[in-house]
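To start, the structure under review is shown below, and the notes come after it.
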Amino acid sequence: MPSDYDKDAYPEPPRQTPVVDKQTALPNPALIVSKLFYYSVDLPVTTFRGVIEGIQSGNKSVYYHQKFRRVPDLTGCQEGDYVCYYEAEMQWRRDYKVDQEIVKVIQERLRACQQREGPSYHQNCAKEMQQFTEVTKAYQARYGDLGAYASGRKCLMKQKERMMAAQAQQA
Amino acid sequence: MVGMSVLRSAAAFAARLSPLKSGNTAANLLTRTVPRTDKVAVRWGHGKQMFVIKPSDYYDRRFLRLLQYYVLLTGIPMAVIVTFVNVFVGEAELAEIPEGYEPEHWEYYKHPVTRWISRTFYDSPVKDYEKMMAAIQIEKEKGDMRLTQLEVRRQMRQKGDGPWFQVETLDKNLIDNSPKSTPDN
């Protein structure tokens with residue numbers, strides 16, 4: 001089975017199963033329905049999975065997560081060194097993808113928190129909310145309106161504008 | 001004619017009048033029963049049998065039949081292959097890269113079919129990267145050479161001491177200096 005998710009980021013709510021205190025002789029319909037579901041859906045699916053895993057247990061292969069070396073970015077390249085520009089551009093694109101995935105993970109955490117807490121998510125999800133606002137603000141500042149033809153150069157120019165605006169505001 | 005009965009002569013006459021109509025042959029005319037249209041065999045099954053007149057759906061059904069055939073011709077083998085791959089050769093599991101080991105470029109994918117495609121048909125992404133950088137390097141060198149050539153042209157044209165932009169002049173031995181060789185001319 002694939003590894004489980006991060007239990008701290010998506011905490012499970014406390015179990016609310018009531019203590020069984022049967023006072024009638026009538027059968028419990030919820031119990032009947034759950035047993036029915038278990039025998040008709042859960043058990044066949046689990047046994048099927050077990051069978052398939054038994055067949056596949058002989059030839060297991062692995063895959064790895066590719067790690068890229070850091071190369072000097074656009075500011076570290078000589079002017080006219082197009083090979084250096086290309087490597088910097090590729091590194092910037094990889095970092096852009098990573099940042100998009102980070103934003104997606106934070107969004108997913110907020111969504112899970114809201115689903116868990118139900119109507120009281122305004123108070124209980126403050127941490128996730130704050131994380132989300134921080135991350136999205138940073139993403140918007142860095143990659144915000146670059147558009148579909150975004151490139152490392154355009155991002156650098158955006159950073160320059162930000163620094164100029166910050167300096168003008170300070171002065 | 002005396003020996004023939006009246007009915008037989010009537011049958012022969014009717015057959016001669018409209019010989020092509022079926023039921024008008026001599027044999028039929030005498031022995032056929034008259035159909036009674038008020039006493040139809042109605043059985044309460046699917047209602048009265050109707051002869052529905054509609055345009056031919058042969059071409060439509062033929063098209064759908066052929067479509068089904070050609071789609072399933074490759075569809076079924078593909079489905080069978082994909083099912084067998086998923087059942088017998090499972091997906092890979094994520095693992096840490098061991099020390100000192102450089103994984104092959106197909107070992108970065110999960111599904112066995114993706115791994116096979118990457119192994120059989122595609123170059124490794126490292127190789128593609130290097131190919132792109134080689135192309136960029138070649139173009140850069142071409143550009144630099146063109147710029148230097150322009151600069152060299154400019155210099156040689158200006159200074160005139162280089163091998164280019166030399167104009168052929170007349171041989172100095174051919175010049176006749178006699179008009180100016182003595183001061184009194």
Side-chain angles (χ1 to χ4, degrees), chain A residues 1-7 9 44-74 76-98 101 104-105 149-153, chain B residues 80-120 122-148 150-151:
Chain A
M1 294 288 280
S3 65
D4 262 342
Y5 56 90
D6 182 9
K7 299 276 190 228
V45 168
T46 318
T47 43
F48 181 66
R49 173 99 201 179
V51 160
I52 299 287
E53 296 228 304
I55 295 172
Q56 283 178 2
S57 60
N59 42 355
K60 266 282 160 229
S61 49
V62 285
Y63 74 110
Y64 307 106
H65 182 72
Q66 186 155 24
K67 290 190 175 43
F68 292 94
R69 278 200 297 266
R70 299 300 294 184
V71 288
D73 65 331
L74 209 52
C77 285
Q78 297 284 335
E79 187 174 333
D81 186 1
Y82 298 102
V83 178
C84 185
Y85 290 174
Y86 175 74
E87 290 206 77
E89 177 69 28
M90 287 294 120
Q91 182 174 264
W92 180 85
R93 288 218 183 144
R94 289 193 292 267
D95 291 342
Y96 189 21
K97 276 219 152 62
V98 168
E101 292 297 320
K104 279 183 200 167
V105 166
Y149 298 104
S151 105
R153 268 180 87 156
Chain B
V80 164
I81 287 171
V82 170
T83 310
F84 276 8
V85 161
N86 277 334
V87 167
F88 293 106
V89 184
E91 290 186 342
E93 281 173 348
L94 192 55
E96 285 295 325
I97 301 176
E99 281 297 324
Y101 174 65
E102 172 76 30
E104 303 282 345
H105 65 276
W106 67 80
E107 286 178 1
Y108 291 113
Y109 299 106
K110 191 162 66 159
H111 196 264
V113 172
T114 326
R115 283 167 81 104
W116 176 73
I117 292 172
S118 173
R119 195 171 66 231
T120 321
Y122 287 163
D123 278 331
S124 123
V126 176
K127 190 169 170 192
D128 283 335
Y129 194 83
E130 296 287 331
K131 282 195 295 202
M132 181 57 128
M133 287 209 287
I136 290 172
Q137 179 70 9
I138 288 170
E139 291 297 317
K140 175 180 186 287
E141 282 172 6
K142 273 161 69 175
D144 287 343
M145 277 203 268
R146 285 181 191 133
L147 281 172
T148 47
L150 285 173
E151 182 62 27

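In the text below, chain A, chain B and the rest are named by the order of the sequence lines, each starting its count at 1. Since the structure is predicted, the reported quantities are computational estimates derived from the model, not experimental observations.
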Whatever's closer than 4.5 Å to a heavy atom in chain A on B/E139 counts as neither

Cut-off 4.5 Å, heavy atoms of chain A, and the answer for B/N86 is backbone

A/E87 and A/Y82: side chain donor to acceptor below 3.5 Å | no

Please check if the side chain of B/H105 supplies one atom and the backbone of B/V126 the other of a donor-acceptor pair under 3.5 Å. no

Honestly, the part of B/Y109 sitting under 4.5 Å from a heavy atom of chain A is backbone

Report task. For the pair B/T120 (side chain) and B/I117 (backbone), establish whether a donor and an acceptor sit closer than 3.5 Å, ignoring hydrogens and angles. Result -> no

Query - Lys/Arg N to Asp/Glu carboxylate O, A/E101 vs A/K97, below 4.0 Å - result: no

